[in-house]
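These notes concern the structure reproduced below.
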Number of protein chains: 2
Amino acid sequence: MVIHYKDKEYFTGKDLALSVIGGRWKIAIIWCLLQQSPLRLNEIEKKLPHANQRMLIRQLRELEEDKIVLRRVYPVVPPKVEYDLSEIGLQLEPVVTSICNWGDDFRDFLQTDAKKD
Amino acid sequence: MVIHYKDKEYFTGKDLALSVIGGRWKIAIIWCLLQQSPLRLNEIEKKLPHANQRMLIRQLRELEEDKIVLRRVYPVVPPKVEYDLSEIGLQLEPVVTSICNWGDDFRDFLQTDAKKD
DNA sequence: ATCCATAGTGACAAAAACGTCAGTATTGTC
DNA sequence: GACAATACTGACGTTTTTGTCACTATGGAT
């Protein structure tokens with residue numbers, strides 16, 4: 001049962017999932033928003049100092065398009081925009097958590113492995 | 001605490017994790033090997049008909065380099081090579097499972113969402 | 001002699017992702 | 001008038017990733 005989404009075909013939910021969370025900073029952004037939300041752009045920037053602003057905005061736009069992140073604009077000057085996880089976005093918590101956990105295990109594994117000589 | 005791996009710097013386990021499981025076919029390959037293993041190259045090809053052989057081999061090589069997949073070569077003709085998950089590779093099961101589950105939820109969400117007009 | 005199967009490799013092209021730089025708009029403060 | 005803060009956008013180039021094509025090796029079967 002093929003899924004059509006944004007002019008592409010996906011053959012499993014897994015493939016679809018990877019296409020929407022697969023960007024360089026997306027898991028990081030979602031992780032930030034799971035810790036604390038809402039967050040403003042400049043707050044996300046502070047939490048992810050290795051990402052540049054342009055990239056963060058692009059990834060946020062895509063997450064918004066995919067309905068994973070909600071964007072709330074306040075009509076004030078200077079502009080105020082808040083980002084939040086949607087309901088389906090919040091459901092990514094097990095994905096993010098399991099990746100973090102495995103990553104920590106893998107780091108430990110690499111360190112143990114490196115000591116073997 | 002910065003992690004150095006393959007000439008790059010990673011600032012969290014999560015970043016490291018994403019760098020090793022982030023290839024186009026890696027989660028798919030790991031998923032196959034979680035279902036059934038060992039598997040030979042041509043068996044993986046049959047299970048992932050949308051990937052071409054060249055890509056599968058490249059991704060398998062990287063997974064092998066990262067010690068996630070084990071490669072066993074039998075000195076026979078025609079060649080026989082079996083692929084398996086390593087111990088740390090097997091530990092990716094929660095990651096793969098949570099991605100699959102969320103992907104299915106997301107697919108349902110998209111379908112429900114599309115019906116709203 | 002030719003073909004088959006398996007499991008590859010090398011070179012290259014195409015596409016996607018990523019990063020950098022400069023610039024926009026608004027209102028308020030100095 | 002200059003500058004600051006916020007949240008952007010556009011254009012562009014680079015890098016990375018992915019895909020395609022042709023090619024290799026071996027021994028057995030026909």
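Every value quoted in this text rests on a predicted model; they were computed, and no experiment measured them. Values below: all heavy atoms of this structure, side chains included; hydrogens, waters and symmetry mates excluded. Convention: sequence-line order gives letters A, B, ...; per-chain numbering from 1.
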Between [N] ([atom2]) and [X] ([atom1]): distance, integer Å:
X       : N      : atom1 : atom2 : value
A/Glu45 : D/dT6  : CD    : C1'   : 10 Å
A/Lys46 : D/dA7  : NZ    : P     : 9 Å
A/Leu48 : C/dC18 : CG    : C1'   : 15 Å
A/Glu43 : D/dC8  : CD    : P     : 13 Å
B/Arg71 : C/dT6  : CZ    : C1'   : 12 Å
A/Lys80 : D/dC8  : NZ    : P     : 13 Å
A/Glu62 : D/dT9  : CD    : P     : 13 Å
A/Leu60 : D/dA7  : CG    : C1'   : 11 Å

Atom NZ of B/Lys47: over 12 foreign heavy atoms under 6.0 Å:
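Buried by this count: over 12 neighbours within 6.0 Å.
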
Under 6.0 Å from the CD atom of B/Glu87, do we count more than 12 heavy atoms belonging to anything else shown?
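Result for CD/B/Glu87: open.
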
First locate atom CH2 of A/Trp25, then atom CG of A/Leu63, and finally report the distance between them rounded to the nearest 0.5 Å.
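That separation rounds to 13.5 Å.
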
Rounded distance (nearest 0.5 Å) linking atom OH of A/Tyr83 with atom CG of A/Leu33
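Output value for this atom pair is 10.0 Å.
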
For nucleotides 15-23 of chain D, just jot down a letter per nucleotide in 5' to 3' order: B, S or -, based on protein non-hydrogen atoms under 4.0 Å.
---BBBB--

Parallel, tilted or perpendicular for B/Phe11 and A/His50, by the 30°/60° rule?
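Aromatic pair B/Phe11/A/His50 classed parallel.
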
Does B/Glu43 use its side chain to pair, donor to acceptor, with the backbone of B/Arg40 at less than 3.5 Å?
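Yes: the side chain of B/Glu43 pairs with the backbone of B/Arg40.
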
Whether B/Arg40 contacts C/dT6 is assessed here as follows: a side-chain N or O lying under 4.0 Å from the phosphate OP1 or OP2. Is that the case?
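Answer no for this pair, as no side-chain N or O of B/Arg40 is under 4.0 Å from OP1 or OP2.
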
Has A/Asn42 got a side-chain N or O lying under 4.0 Å from the OP1 or OP2 atom of D/dA7?
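Yes, because at least one side-chain N or O of A/Asn42 sits under 4.0 Å from OP1 or OP2 of D/dA7.
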
Remember a base hit wins even if backbone is also touched, and classify A/Tyr83 as base, sugar-phosphate or nothing at under 4.0 Å, heavy atoms.
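It contacts sugar-phosphate atoms only.
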
For A/Ile57 and for A/Val77, find the nucleotide of DNA chain D with the closest heavy atom, then tell me which residue's nucleotide is more 5'.
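Looking at the nearest nucleotide for each, A/Val77 comes out on the 5' side.
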
Mapping B/Val73 and A/Pro78 to their closest nucleotides on DNA chain C, which lands nearer the 5' end?
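Nearest nucleotide further toward 5': that of B/Val73.
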
Path from A/Val73 to A/Ile57 over hydrophobic side-chain contacts below 4.5 Å:
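Shared cluster, yes.
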
